[in-house]
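The structure under discussion appears below in the form of structure tokens.
Atoms within a ligand are numbered from 1 in the order they appear, just like the ligands themselves. Since this is a predicted model, take the numbers as computed values, not measurements.
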Amino acid sequence: MNRRTAEPYKIKSVETLAMLSYEERKDSLNRAGYNTFLIDSEDVYIDLLTDSGTTAMSDKQWGAIMTGDEAYAGSKSWKKLEATVRDVYGYKYVLPTHQGRGAENILSQLKIKKGDFVPGNMYFTTTRAHQEMNGATFVDVIIDEAHDPVAEHPFKGNVDLNKLKTLIDKVGPNNIPYVCLAVTVNLAGGQPVSMQNMREVHELCSLHKIDVFFDATRCVENAYFIKEREVGYAGKLIADILKEMLSYSDGCTMSGKKDCLVNIGGFLAMNDEGLYIRSRELVVVYEGMPSYGGMAGRDMEAMAIGIREAIDDHYIEHRISQVRHLGSQLVEAGVPIVLPIGGHAVFLDAQAFLPHLSQDEFPAQALAAALYLDSGVRSMERGIISAGRNIDTGENNRPKLELVRLTIPRRVYTNNHMNVVVDSIIDLYKKRDTISGLRMDYEPPTLRFFNARFAPLSESGELLN
Ligand code: F0G
């Protein structure tokens, strides 16, 4: 018998969920312009919009919050966080930021000059926005399999070294300020990068004196996949795998809201003292004193503990297994999802789900809206709307993947919640022909997915017909 496992924690405090009627959800969706970002959270039953800042903290974290040192300068909570990052992640220098994009802003400003190229393994919205705002062009050097939703590659986040070499030869290493390597790759489906690939990218870049900066946002999840899939790592501790991974980088940006198990916070870390000193100047300008950087003392206490809880082998094993609990049931029912199932989310392949809609009818946006209408489950479009427009031509960027992300918050929902999500999606899949496409009625100039508004294209004006 395959014995079942359960959450490696028990529940100490609960929050009641909203359970709206179909008509109430319809009103709510209308008010939100069919954009799940604009739905009020009090109208959501199961919130899978993001795994960012939505973590349930532990009793130890809540306890430590009372001990936060709220001093403007020299906070002892910062000392604790700084020492923890150095110890667990292995970087020499650390600076606090209010969240991941605060670190991205500082790194991009200091490293990029106008006309530069920043290679990366698929883009992330805020990361690319900061690179572009500082005059760089982002170049995707991820392996081709990452753009194929059903290619079963164990490390779909890997960099294609030939693509990277070609770029270096074409534009010259002096015009590449750093390589940005995301571990795992969010928009590819939470797909990991192999240790070997990290090592090879680092070697190639060292040869050309190009820095490698990791987007370490979901690095613990990446470490788990290495343990599971890469030869030589099965018997190792997650903590040791993580340390080795990060040793193949010169620094990282971190959104603490994911793998540091907190609701707010982030950091920028590096080994180069000169960069640290210059970064510290910008932390003061944008974030706050270098001993808090946009976080309260209590936030830093919680993050120092969360960083250690995240590398607990039982925690991370359950985390990944819950994502699989959701994804594998969808696979069994024939629902098209991105494979293999990734680290933080299950991604529905909206193009395959709704083949009657063209990309200009926003299939992923429509499917996310339909899921909310059907069951109050909130998800997120990751397709043509999220990809925005080309900064030079103004044309829509056309990503190969048109996805709906079902992102699992850490330690928040049980597998029963996952089952409710599965049932709703399977029902929608059965009546997929009835789901209408959308038109965009309002388009904001930057990061349009947050505030864009839509309406159904169907003659009836209904999303589900
Ligand atoms: N990098 C990656 C890979 C991310 O997924 C995010 C945020 C960031 C950087 C930026 O971090 O939000 O702390 O400023 N991702 C969230 C998401 C918003 O829903 O995927 P931040």
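- For D144, the salt bridge (Lys or Arg N to Asp or Glu O under 4.0 Å) criterion is met by K163, not counting sequence neighbours.
- Among protein heavy atoms, the minimum distance from atom 7 (C) of ligand 1 is reached at K258 NZ, 2.6 Å.
- Distance from atom 11 (O) of ligand 1 to its nearest protein heavy atom, with residue and atom name: S255 CB, 3.3 Å.
- Polar contact with ligand 1: absent for G265 (N/O pair, distance under 3.5 Å).
- Of all the heavy atoms of R101, the ones lying under 4.0 Å from any atom of ligand 1 are found in both the backbone and the side chain.
- Contact check for Y233 versus E244: side-chain heavy atoms found under the 4.5 Å cut-off.
- Near K257, meaning under 4.0 Å from one of its heavy atoms, ligand 1 places the atoms 13 (O).
- Counting protein heavy atoms only, atom 8 (C) of ligand 1 is closest to F124 CE2, 3.5 Å.
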Which side-chain N or O atoms in residues 148-158 pair as donor and acceptor under 3.5 Å with protein atoms at least two apart or in another chain?
unit_1 : atom_1 : unit_2 : atom_2 : d
D148   : OD1    : V150   : N      : 3.0
H153   : ND1    : F155   : N      : 2.9
H153   : ND1    : F155   : O      : 3.3
K156   : NZ     : D148   : O      : 2.9
K156   : NZ     : A151   : O      : 3.0
K156   : NZ     : L339   : O      : 2.5
N158   : OD1    : S194   : N      : 2.9

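- Shortest contact from atom 10 (C) of ligand 1 to any protein heavy atom: T126 OG1, 3.5 Å.
- Between D259 and R410 there is a salt bridge, since at least one side-chain N of the basic residue sits less than 4.0 Å from a carboxylate O of the acidic one.
- With respect to atom 9 (C) of ligand 1, the closest heavy atom belonging to the protein is E104 OE2, 3.0 Å.
- Under the side-chain hydrogen bond (donor to acceptor under 3.5 Å, both in side chains) rule, E402 has a single partner from Q359, R382, Q365, which is Q359.
- Polar contact with ligand 1: present for R218 (N/O pair, distance under 3.5 Å).
- Among all non-hydrogen protein atoms, the one lying nearest atom 21 (P) of ligand 1 is Q99 NE2, 3.3 Å.
- Shortest contact from atom 2 (C) of ligand 1 to any protein heavy atom: D215 OD2, 3.3 Å.
- Between F138 and Y123, the ring planes are perpendicular. Angles over 60° get that label, and only those under 30° would be called parallel.
- Atoms of ligand 1 found under 4.0 Å from any heavy atom of G100 (numbered from 1 in listed order, with element): 11 (O), 13 (O), 14 (O), 21 (P).
- A salt bridge between K227 and D313 is present, with a side-chain N of the basic residue lying under 4.0 Å from a carboxylate O of the acidic one.
- Atom numbering of ligand 1 starts at 1 in the shown order; those under 4.0 Å from a heavy atom of S52 are 16 (C).
- In summary, E443 and R389 engage in a salt bridge, as defined by a charged side-chain N under 4.0 Å from a carboxylate O.
- A cation-pi geometry, defined here as NZ or CZ lying under 6.0 Å from the six-membered ring centre and within 45° of its normal, does not hold between R453 and Y442.
- Under the 4.0 Å criterion applied to side-chain N and carboxylate O atoms, R128 and E132 are assigned as salt-bridge partners.
- Shown in contact with T50 at under 4.0 Å from a heavy atom are these atoms of ligand 1, numbered in order with element: 17 (C), 19 (O).
- Interface of T217 with ligand 1, defined as ligand atoms under 4.0 Å from a residue heavy atom, comprises 1 (N), 2 (C), 9 (C).
- At a heavy-atom cutoff of 4.0 Å, ligand 1 is contacted by the side chain of R405 but not by its backbone.
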